[in-house]
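Please read the structure below before turning to the comments.
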Amino acid sequence: MSSTTVNFNIMRQITLIVLLLSLVQVATAQEKTKQWIFLTDKLDAASKHTLVESEYLTEAAVARRALRGEPNLVAKFALQDAPISQAYEANLATMGVTVAQRSRWLNAVTAWLSEDEITQVAALPYVRNIRPVAHLKPSVLPTIPVSPVIAERTSSQCPSAVYGNSCGQLDVVNAIPPIERDINGSGVVLGFLDTNFSPPGERPFSHSSLNHILDSGRLIEARDFSERDPTQPCNGTNTHGMSVASVAVGFHPGELIGPGYGAMIYAAKTECGPYERNIEEDNFVVAVEWMESEGVDVMTSSLGYLDFDTGQHSYTTSDLDGDTGLTTIALDWAAQRGVVTVTSAGNSGARGPSSITTPADGDSVISVGGVDSARRLWGPSSRGPTADGRIKPDVSAQGTAVIVGHSGGYGRSAGTSFSAPMVAGIVTQILQVNPKLGPRDVWHVLTSTASQSGTPDNNLGWGIVDADAAVMSAIALNRSDQTTPVPGNLTVHPPYPNPFQNTAHFTIETFEPVLHARLAIFDMLGRKVATVYEGPISTGGMPVAFDGTHLPPGVYAYTLEVDGRTQSGMVTRLRH
């Protein structure tokens, strides 16, 4: 071989290496990531602020905001509800930027951008900030398969076999009594944000535990928000959303009953990956805005996240302050508009304290931890506090060995993914009996009747939900609004202790003698179950001890009546 031939081969190899290196550089330069582009304002081409379209809010949304929303924020809502500036979008399009999702509330859009494009877009005068869209890497997520084997029912609290093996999880949160009284979320609109709500090729909510919603026309709309990189089509087959929905609103006698099975439903598919918490936050935020504008009363999500992809900035524990995560902000703002928002605390309890994820850190979000069937903390359940020191989770429900619907029928699964929809179903029961309650009122009803309402902690929050006590508390609040106060010279002080186990102590006080007064106890159906005192009352304070050992556990109304006028309050008898 001649030296000329050798030199030619060497030159050819060098040329190939240089070419390959250049191709790698081009590929790197062209690699794009999904970014949030936050805009400075909502000015149109005429430099006027965009206006909310008349058809943007449904009548149901307007009514809910009027009933439960924060009235002092109406002006803020109008600004947030206005559409994104079409002038800015048109300008982005001239640069080759294609908008993927739009958030009115955040005044932001998402788009796939290269590093060069990020620099160019960030320099635009109408761009306030750019940050990457969040989603978890699947490899770091534990998965717990649904078992096809269902153990025999062991609970002794089931009034009949109609509850099947779901009886246990309902009993943990004392949800069976209100269901037996036909309190099942009727008239309340519940929205789900999750993965697929049926196996591939089937209609959403076609599972045997959910088709009663289809058959009755109560699935108002199911919408797919799982927009992805066009090079990565959404072909996920995970039915996590279907399992979540079955816990909250399932109704298949003998197999599975959910506490809110009478509710009306919206469903948003915001994630297509086969992992419980692999969510892109732009899908989530846009779905929240859509559901709120449609008029949902309750939203529940079993999705959450903390980390971005490898190599990108991640949320840290210090970011879990209720004001940083975009999904947290979206759910908090939905709550301001009167929507009760419920989410899972997460399954990162192995990390110890401050292991919750967003949006569970929201101060207006009811985050739900997990317990086992014996009402003990489930180890993987994420815990508080938040970065700013607030207690999280808020309440807890069963999060392991939960009976769920899946593509093979029914089975047991684990995760706070399933404790959250149980509480969401209970919230629909609460709103059924008292539609006037706002998000903060519902939080108070749940926490004040939970198992450790007086001693909350960062493991279980205010404790395990007591659905029956919460529902009766909501009814009592409705009742107390309708009472007429007794004359100002007579009053009954709140009993102590409250809740009580055996004896509650009342004090009736008057500034002048009263010939006849009656202090009675009523159940939540309005039936008198006990008379604490009846007769004359002398000037001063008169203590009265009430022996309530004959009453079933639950919430009761006490009423002091004088001359046809009443003063009412609530008292709770605890379960032993």
Side-chain angles (χ1 to χ4, degrees), residues 134 136 173 193 276-277 279 281 284 298-307 314-336 339-371 375-400 415-424 426-427 439-440 442-465 470:
L136 270 177
V173 292
L193 300 99
E276 173 190 348
R277 291 159 51 212
I279 179 179
E281 62 188 353
F284 188 102
V298 187
M299 289 184 201
T300 187
S301 162
S302 290
L303 302 166
Y305 57 89
L306 187 64
D307 301 318
S314 296
Y315 288 130
T316 64
T317 301
S318 62
D319 292 324
L320 298 172
D321 56 4
D323 294 318
T324 301
L326 296 186
T327 56
T328 301
I329 293 170
L331 287 187
D332 277 347
W333 286 355
Q336 291 177 354
V339 180
V340 182
T341 57
V342 181
T343 193
S344 56
N347 303 327
S348 303
R351 296 197 340 244
S354 299
S355 52
I356 58 169
T357 57
T358 60
D361 61 322
D363 57 11
S364 299
V365 179
I366 298 170
S367 59
V368 186
V371 297
R375 300 167 64 86
R376 301 168 300 198
L377 174 67
W378 178 57
S381 179
S382 291
R383 298 149 205 189
T386 61
D388 54 336
R390 288 175 291 112
I391 291 175
K392 286 288 179 177
D394 298 282
V395 290
S396 298
Q398 187 167 329
T400 185
T416 57
S417 283
F418 306 113
S419 57
M422 177 64 76
V423 172
I426 293 168
V427 170
R440 194 64 188 172
V442 171
W443 179 91
H444 179 73
V445 165
L446 285 171
T447 57
S448 65
T449 56
S451 63
Q452 52 186 44
S453 59
T455 55
D457 58 37
N458 283 301
N459 291 331
L460 301 181
W462 277 257
I464 301 168
V465 167

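All values reported here derive from a predicted model rather than from experimental measurement. Both backbone and side-chain heavy atoms feed into the values below; hydrogens, waters and symmetry mates do not.
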Under 3.5 Å, is there a donor-acceptor pair linking the side chains of [X] and [Y]?
X    : Y    : value
T386 : D361 : no
W462 : D394 : no
T324 : D321 : yes

Could you check V342 against V368 for side-chain contact (heavy atoms from CB on, under 4.5 Å), going step by step and ending with a plain yes or no? CA-CA 7 Å; V342 181; V368 186; 3.8 Å; yes
Could you tell me whether the side chain of R440 and the main chain of S364 form a donor-acceptor pair under 3.5 Å?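 Checking the backbone N and O of S364 against the side chain of R440, no donor-acceptor pair under 3.5 Å is found.
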Quick check for you: to the nearest 0.5 Å, what is the distance between [X] atom [atom1] and [Y] atom [atom2]?
X    : Y    : atom1 : atom2 : value
L331 : F284 : CG    : CZ    : 4.0 Å
S396 : N459 : OG    : CG    : 8.5 Å
S382 : N458 : OG    : CG    : 12.0 Å

Start with the C-alpha gap between T343 and I366, add the side-chain angles, then the distance that decides, and say whether side-chain contact (heavy atoms from CB on, under 4.5 Å) holds. CA-CA 6 Å; T343 193; I366 298 170; over 6 Å; no
In sequence, state the C-alpha distance, the side-chain angles, and the governing distance for V173 and I464, and then conclude on side-chain contact (heavy atoms from CB on, under 4.5 Å). CA-CA 7 Å; V173 292; I464 301 168; 4.2 Å; yes
Close side-chain approach of M299 to L193, heavy-atom, < 4.5 Å: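 Counting from C-beta outward, M299 and L193 do come under 4.5 Å.
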Please evaluate residues I356 and R383 with respect to the criterion side-chain contact (heavy atoms from CB on, under 4.5 Å), reporting the C-alpha separation (whole Å), side-chain torsions for both, the decisive distance (0.1 Å), and the verdict. CA-CA 6 Å; I356 58 169; R383 298 149 205 189; 5.7 Å; no
